[in-house]
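Comments concern the structure below.
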Amino acid sequence: MPTNLLLSVSLKYWQDFQDTLARVMDANIYIFDTNGSSFSQFSREAELCQNVNKGEKICNEKCVRFYKEILGSLKDKGIFTCPYGIKLYAYRLGTYAQKIGFLIVAPTRIRTRVGSEEENTFITKAHSIYQTINEVLKAILEKNLLGLRSLEINSIYEHQPPADLNCRTG
């Protein structure tokens, strides 16, 4: 069975879906695969991240090290602050048995002073984004698994000898 069924998702369609969700929720969304490699781009690039990483991919050594550390230690979810002061909400995607990757949700604007009500509102948004993305990815995985099962069953039937319909009893 393929280990990374997520790759059967069209990246263009996924990025469009992710970007739309980010606009609606006014948040920045970024997804890593199970190996910690970028699966998608930041939906709404924070100016600081754009300047530090010189583009759409994470390439700054501090950022790379930070993401590898948090993704390596993440059990379920967590709140982290990047080396440049951006607060991130990280979630493990998938089910207990089938790990898909990691979701990072961050505010679109860097705020130095945030009240507890604003913080709680953003945590609720981040969790809603996680639930939406996780459910969509699980549905895609299920569809892929059902397709693989169907292929396996079809190949079994194709390789069986035809039944002898002229059986005689007696």
Judged by modelled atom types alone, do N28 and S43 share a side-chain donor-acceptor pair under 3.5 Å? no

Just wondering, more than 12 heavy atoms not from K138 lying within 6.0 Å of its NZ? yes

Could you check whether any side-chain N or O of [X] sits under 3.5 Å from a backbone N or O of [Y], counting only pairs where one atom can act as donor and the other as acceptor?
X	Y	value
N60	K62	yes
S73	E69	yes
Q18	I29	yes
K125	M25	yes
R92	F102	no
N134	L93	no
T34	G101	no

Sub-4.5 Å side-chain heavy-atom contact between [X] and [Y]:
X	Y	result
W14	S40	yes
T81	F66	no
L103	I129	yes
L21	I133	yes
Y67	C82	no

To the nearest 0.5 Å, tell me how far S116 OG sits from E119 CD. 8.5 Å

Report yes if the distance between the aromatic ring centroids of Y91 and Y89 is under 6.0 Å, otherwise no. no

Closest contact, heavy atoms only, Y30 versus S38: OH-OG, 2.6 Å

Walk me through whether L71 and I104 qualify under side-chain contact (heavy atoms from CB on, under 4.5 Å). CA-CA 10 Å; L71 298 180; I104 304 293; 4.3 Å; yes

Is the Y130 ring parallel, tilted or perpendicular to the H127 ring (thresholds 30°, 60°)? tilted

